[in-house]
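Below is one structure; the comments refer to it alone.
Lettering of chains follows the sequences in order, A, B, ..., and the numbering in each one begins at 1.
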Amino acid sequence: MPDAGYLTIGKVVKRLQGQYPDLSISKVRYLEDEGLLNPSRTPSGYRLYSQKDVHRLETILYLQKNRFMPLSVIKQQLDGGEGHVSLVQTPCPNVGEDDEEVLQKFHPIDRMPELLGVPVSFVRQLSEAGVIQLRESPHGRSLVDGKDFQLIRTCGELRHFGIGPKNLRQYVTAANRESAMFEQALVVFAKKGGGVEMERTEENRQQFGQALSEMLALTGQVRDTLIRRQISKTFSEMEE
DNA sequence: ATTCTCACA
DNA sequence: TGTGAGCA
């Protein structure tokens, strides 16, 4: 019997067959032959998969299924940047079609695996990182806001690239700083448009929304450019 | 009961 | 990739 934290190949397959129905034991072994996986072994030769191994396998399956990546490419990406497999520019396939019903309600955290395809522990970590806020039910159960579903799914995608809740924390603090900046900018914007007093008309509201959208797009471009510049610099340094 | 390797389609 | 034989 394997030690705590390690799973045999059968357990691993059963655990992941929820998300990847066509996963088989032979396929997992095949992936190992191709050099994408290297679990430890018991003295008798049985494969033992650590949490890391399982997560790596999840990433491979995700890349293959949702991203249609050939195994050869996945291998290169995974080996190249131990941890961050970024530099993939395909946008997320929108797996998120929640109806109003789901969106307006709060849902028990235990149902996140079936609802969003992410582990409960992951949702808790997002909460600890400040990305989302959990609510307590009268019975002491943790509830998740339906409005956060899309955000959680997005964070779940990021997880496959080695970007987890810890890394996301910086986006929370960044969002706080930036929202303060935008609010200030909107005040200035309001004074320029409608005199000292700002009326809360519907028209005003739309202008605010539009101004905010523009600011988000523009600052986003700045951010994109700066990041790409830094990355290309890093890469050119590597080739020397 | 399960997994292992290896040969093979 | 997947299957089946024969083992441990």
Value in whole Å for how far the P atom of C:dG2 lies from CG of A:Leu23:
9 Å
Rounded distance (Å) that lies between atom P of C:dT1 and atom CD1 of A:Ile74
9 Å
Output the single nucleotide from B:dC4, C:dG2, C:dT1 whose closest atom is nearest the side chain of A:Ser24.
C:dG2
Is there a Watson-Crick or G-U wobble partner for C:dA8 with both distances under 3.5 Å, and if so, which one is it?
B:dT2
Does atom CD (A:Gln170) have a neighbourhood of more than 12 heavy atoms from anything else shown, all under 6.0 Å?
yes
Indicate, with a heavy-atom threshold strictly under 4.0 Å, whether A:Arg29 touches base, sugar-phosphate, or nothing.
base
Testing C:dT1, B:dT2, B:dT5 for proximity to the side chain of A:Gln64, the answer is C:dT1
d(CD1, A:Ile25; C1', B:dC6) in whole Å:
17 Å
Would you tell me if any nitrogen or oxygen in the side chain of A:Arg47 comes within less than 4.0 Å of OP1 or OP2 on B:dC4?
yes
Could you check which of B:dT5, B:dT2, C:dT1 has an atom nearest any side-chain atom of A:Lys27?
C:dT1
Whole-Å distance separating the CG atom of A:Leu71 from the C1' atom of C:dT1:
10 Å
Could you check how far CG of A:Asp33 sits from P of B:dA7, rounded to whole Å?
13 Å
Could you give the CZ-to-P distance, from A:Arg41 to B:dT3, as a whole number of Å?
13 Å
Measure from OH on A:Tyr49 to C1' on B:dT3 and round the result to the nearest Å.
10 Å
Is atom CD of A:Glu136 surrounded by more than 12 heavy atoms (other residues, nucleotides or ligands) closer than 6.0 Å?
yes
Please check if the number of heavy atoms outside A:Arg229 that lie under 6.0 Å from its CZ is greater than 12.
no
What distance separates A:Arg15 CZ from A:Leu23 CG, expressed to the nearest 0.5 Å?
13.0 Å
How about A:Lys14: does its NZ atom have over 12 heavy atoms from other parts shown lying under 6.0 Å from it?
no
Residue whose nearest DNA chain C nucleotide is more 5′ - A:Tyr46 or A:Asp22
A:Asp22
Between B:dT3 and A:Thr8, is there an OP1 or OP2 to side-chain N/O distance shorter than 4.0 Å?
yes
Let me know the distance between CD of A:Glu32 and P of B:dT5, rounded to the nearest Å.
8 Å
